[in-house]
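What you see below is based on every heavy atom in this structure, not just the backbone, and it leaves out hydrogens, waters and symmetry mates.
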Amino acid sequence: QVRLVESGGGLVQAGGSLRLSCAASTLTFSNYGVGWFRQAPGKQRELVAAITMGGGTYYPDSVKGRVTISRDDANNTVDLRIDNLKVEDTGAYSCAATYKAIRLASLIRWEGHNYRGQGTQITVSS
C-alpha cells in the first residue's frame, strides 16, 4: 500500500526557513507529479507548490518567491523549502502525488491526486 509521509514541520519564528520532505513507500516520485498543500485553521486547503513528472514547477502568487519545490530522485523525496516564513504560513502541510502527471493542471486539486499524505504542522510565531 502506498503511503506518503511528510516531515520537517515545527515551530519557527517569522522570517525563518523550513524544509519539508515528502517520502513514499512503494512509489517512485520520478513517475509522479506532486503537489504540496497547506490547510490553515478554519480555511480551505490550498496548493502552495507543484512539480510535474517532467520537472515543471508551479507556485501560486501568494507564495511565489518564498517557496521552492524540488525532487530528489536519489533519495526518492519531494522537498518544499519555505523562506521568510510569515505567521499566515501556519498550517498543516501535506503532499499528494499523481501517476504520470505531466500537466500542472492535473496537480491543482487535492482531491484529484492518486495518493495523499497526512501532513506535518508548521507554526510560525511573530
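- Contact check for Tyr58 versus Leu47: side-chain heavy atoms found under the 4.5 Å cut-off.
- What you find for Tyr93 and Leu80 is that their closest heavy atoms are CD2-CD2, 4.2 Å.
- If you chain together hydrophobic residues whose side chains sit under 4.5 Å apart, Trp36 and Met53 never meet in one group.
- At a threshold of 4.5 Å between non-hydrogen side-chain atoms, the residues Arg116 and Trp110 count as touching.
- Note: Ser21 OG to Asp72 CG = 8.0 Å, rounded to the nearest 0.5 Å.
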### Task
Take Asp79 and Arg81 through the salt bridge (Lys or Arg N to Asp or Glu O under 4.0 Å) test and state the conclusion after the steps.
CA-CA 7 Å; Asp79 301 328; Arg81 180 180 173 88; over 6 Å; no
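- Note that the NZ atom of Lys86 and the OG atom of Ser126 stand 14.0 Å from one another [nearest 0.5 Å].
- At least one donor-acceptor pair under 3.5 Å links the side chain of Thr90 to the backbone N or O of Val124.
- A 6.0 Å sphere centred on CD of Gln118 holds no more than 12 heavy atoms belonging to other residues, nucleotides or ligands.
- Of all heavy-atom pairs between Ile122 and Gly9, the closest is CG1-CA, 4.2 Å.
- What you find for Leu85 and Arg66 is that their closest heavy atoms are CA-NH1, 3.9 Å.
- One N or O on the side chain of Thr52 and one on the backbone of Gly54 form a donor-acceptor pair closer than 3.5 Å.
- Summarising the geometry of Ala49 relative to Pro60, their closest heavy-atom pair is N-CD, 4.4 Å, with the distance given to 0.1 Å.
- Arg45 places no side-chain N or O within donor-acceptor distance of the main-chain N or O of Ala92, the cut-off being under 3.5 Å.
- For the atom pair Ser7 OG and Leu20 CG, the distance stands at 7.5 Å (nearest 0.5 Å).
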### Task
Applying side chain to side chain contact (heavy atoms under 4.5 Å, CB included), run through Tyr59 and Thr68 and close with a yes or a no.
CA-CA 8 Å; Tyr59 307 98; Thr68 304; 4.0 Å; yes
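- Residue Gln13 qualifies as open at atom CD: its count of foreign heavy atoms under 6.0 Å is 12 or below.
- Val63 and Val12 fall within a single hydrophobic cluster, where Ile, Leu, Val, Met, Phe, Trp and Tyr side chains are chained together by heavy-atom contacts under 4.5 Å.
- Thr123 OG1 to Asp89 CG: the interatomic distance, rounded to the nearest 0.5 Å, is 11.0 Å.
- Put simply, the side chain of Arg38 never gets that close to the backbone of Gly91: no donor and acceptor are under 3.5 Å apart.
- Salt-bridge formation is detected for the pair Lys64/Asp61: a Lys NZ or Arg NE/NH1/NH2 atom is positioned less than 4.0 Å from an Asp or Glu carboxylate oxygen.
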Cut-off 3.5 Å, no hydrogens considered: what does the side-chain donor-acceptor table look like for residues 95-107, sequence neighbours left out?
residue: Thr98; atom: OG1; partner: His113; partner atom: ND1; Å: 2.8
residue: Ser106; atom: OG; partner: Arg103; partner atom: O; Å: 2.6

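- Follow the hydrophobic side-chain contacts under 4.5 Å out from Phe37 and you never reach Val67; the two are in separate clusters.
- The CZ atom of Arg19 sits 11.0 Å away from the CD1 atom of Ile82 when rounded to the nearest 0.5 Å.
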Contacts table for residues 22-34: side-chain donor-acceptor under 3.5 angstrom, sequence neighbours left out:
residue: Ser25; atom: OG; partner: Arg3; partner atom: N; Å: 3.2

